[in-house]
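Worth saying up front: this structure is predicted, and the values here are computed from it rather than measured. Values reported hereafter were calculated over all heavy atoms of this structure, with side chains retained and with hydrogens, waters and symmetry mates removed.
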Amino acid sequence: QLQLVESGGGLVQPGGSLRLSCAASGFTLDSYAIGWFRQAPGKEREGVSCISSTNYTYYKDSVKGRFTISRDNAKNTVYLQMNRLKPEDTAVYYCADGGNCDYYDYWGQGTQITVSS
């Protein structure tokens with residue numbers, strides 16, 4: 001069965017850091033693009049970052065310079081390192097896989113990020 005599991009969420013103060021993990025099972029993650037999305041209460045889901053199957057990376061403008069997406073193929077895991085977090089980063093974060101950074105087929109369950117002082 002194809003499955004993505006996010007972990008690493010929690011409560012952090014503004015300016016702090018968290019690292020999210022997206023662990024894949026049932027398929028080899030390095031054959032796919034992996035995207036990170038987030039959804040805050042009352043707002044639409046938005047794309048945050050993506051890493052393609054050829055390791056090109058993309059970021060939403062508001063997270064550029066603060067977030068970094070990466071792969072560890074040996075662990076079949078994609079990470080999202082989040083630094084200098086802001087209250088507006090508060091959301092449920094999801095990872096998803098697809099053939100490229102424009103199309104996604106499977107989604108994880110989400111993990112809550114709360115940035116508050």
*Can I34 be reached from F37 by stepping across I, L, V, M, F, W or Y side chains whose heavy atoms are under 4.5 Å apart?*
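Different hydrophobic clusters.
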*What side-chain hydrogen bond (donor to acceptor under 3.5 Å, both in side chains) pairs are there with at least one residue in residues 98-108, not counting sequence neighbours?*
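Checked against side-chain hydrogen bond (donor to acceptor under 3.5 Å, both in side chains) - neighbours excluded - no pair reaches residues 98-108.
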*Backbone of Q109 reached by a side-chain donor or acceptor of E6 within 3.5 Å*: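 Yes.
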*Single-linkage hydrophobic cluster V48~V92, side-chain heavy atoms < 4.5 angstrom*: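 No; tracing contacts between hydrophobic side chains, which count when under 4.5 Å, never links both residues.
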_Gap separating the OG1 atom of T57 from the CZ atom of F67, nearest 0.5 angstrom_ =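 Rounded to the nearest 0.5 Å, the OG1-CZ separation comes to 14.0 Å.
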*Residues that S117 engages under side chain to side chain contact (heavy atoms under 4.5 Å, CB included), provided they are two or more places apart*: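 Partners of S117 by the side chain to side chain contact (heavy atoms under 4.5 Å, CB included) criterion, ordered by chain and then number, come out as P14.
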*Any residue meeting salt bridge (Lys or Arg N to Asp or Glu O under 4.0 Å) with R71, in chain and number order, not counting sequence neighbours*: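 R71 satisfies salt bridge (Lys or Arg N to Asp or Glu O under 4.0 Å) with no residue once adjacent residues are dropped.
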*Counterpart residues, ring-ring contact (aromatic ring centres under 6.0 Å, His included), relative to F27 (two or more places apart)*: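 In terms of ring-ring contact (aromatic ring centres under 6.0 Å, His included), with neighbours along the sequence ignored, F27 is linked to Y32.
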*Roughly how far, to the nearest 0.5 Å, is CG of L4 from CG of D97?*
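Here the interatomic distance stands at 5.0 Å.
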*Can you run down the salt bridge (Lys or Arg N to Asp or Glu O under 4.0 Å) pairs that involve residues 43-54, sequence neighbours left out, and say none if there aren't any?*
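Passing the test, one end in residues 43-54: R38-E46, E46-K60.
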*Indicate, with yes or no, if Y94 and W36 share a hydrophobic cluster defined by side-chain heavy-atom contacts under 4.5 Å among Ile, Leu, Val, Met, Phe, Trp and Tyr.*
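W36 and Y94: separate clusters.
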*So, for A91 and A40, which heavy atoms are closest and what is the spacing to 0.1 Å?*
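So the minimum-distance heavy-atom pair works out to CB-N, 3.8 Å.
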*What is the distance from atom CD of Q81 to atom CD1 of I69, rounded to the nearest 0.5 Å?*
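Atom-to-atom, Q81:CD and I69:CD1 are 12.0 Å apart.
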_Any residue meeting salt bridge (Lys or Arg N to Asp or Glu O under 4.0 Å) with K75, in chain and number order, not counting sequence neighbours_ =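 Residues passing salt bridge (Lys or Arg N to Asp or Glu O under 4.0 Å) with K75: none at all.
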*What pairs with T114 under side chain to side chain contact (heavy atoms under 4.5 Å, CB included), at least two apart in sequence or on another chain?*
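Only L11, T90, Q112, S116 meet the side chain to side chain contact (heavy atoms under 4.5 Å, CB included) criterion with T114.
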_disulfide (SG to SG under 2.5 Å) pairs, two or more places apart, involving residues 53-85_ =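 Qualifying pairs, neighbours excluded: none.
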*Show which residues join V5 in its hydrophobic cluster (side-chain heavy-atom contacts under 4.5 Å, direct or indirect), or state none.*
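The other cluster members (ILVMFWY side chains, heavy atoms under 4.5 Å, direct or chained): none.
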*Applying side-chain contact (heavy atoms from CB on, under 4.5 Å), run through M82 and I113 and close with a yes or a no.*
CA-CA 10 Å; M82 304 185 294; I113 306 299; 4.0 Å; yes
_So, taking the atom named SG in C22 and the one named CG in L80, what distance separates them when rounded to the nearest 0.5 Å?_
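Answer for the SG-CG pair, C22 versus L80, is 10.0 Å.
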_Residue pair C101, Y58: steps toward the side-chain contact (heavy atoms from CB on, under 4.5 Å) verdict_ = CA-CA 8 Å; C101 287; Y58 307 90; 3.8 Å; yes
_Any side-chain heavy-atom pair of C95 and V78 under 4.5 Å_ =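 C95 vs V78: side chains apart.
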*Out of curiosity, D72 CG to D30 CG, how far, rounded to the nearest 0.5 Å?*
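One gets 10.5 Å once the value is rounded to the nearest 0.5 Å.
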*asked:* Connecting only ILVMFWY residues whose side-chain heavy atoms lie within less than 4.5 Å of each other, what is the rest of Y79's hydrophobic cluster?
replied: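 Its cluster partners, ordered by chain and number, are none at all.
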*Sequence neighbours excluded, which residues qualify as salt bridge (Lys or Arg N to Asp or Glu O under 4.0 Å) partners of K86?*
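Salt bridge (Lys or Arg N to Asp or Glu O under 4.0 Å) check on K86 returns nothing, list empty.
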*Nearest 0.5 Å, what's the OG-CG distance between S25 and N76?*
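Those atoms lie 8.0 Å apart.
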*Check for a donor-acceptor pair, side chain of S52 on one end and backbone N or O of T54 on the other, with a separation under 3.5 Å.*
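Checking the backbone N and O of T54 against the side chain of S52, a donor-acceptor pair under 3.5 Å is found.
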_Contacts of R66 that satisfy salt bridge (Lys or Arg N to Asp or Glu O under 4.0 Å) - sequence neighbours left out_ =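 Here the qualifying residues are D89.
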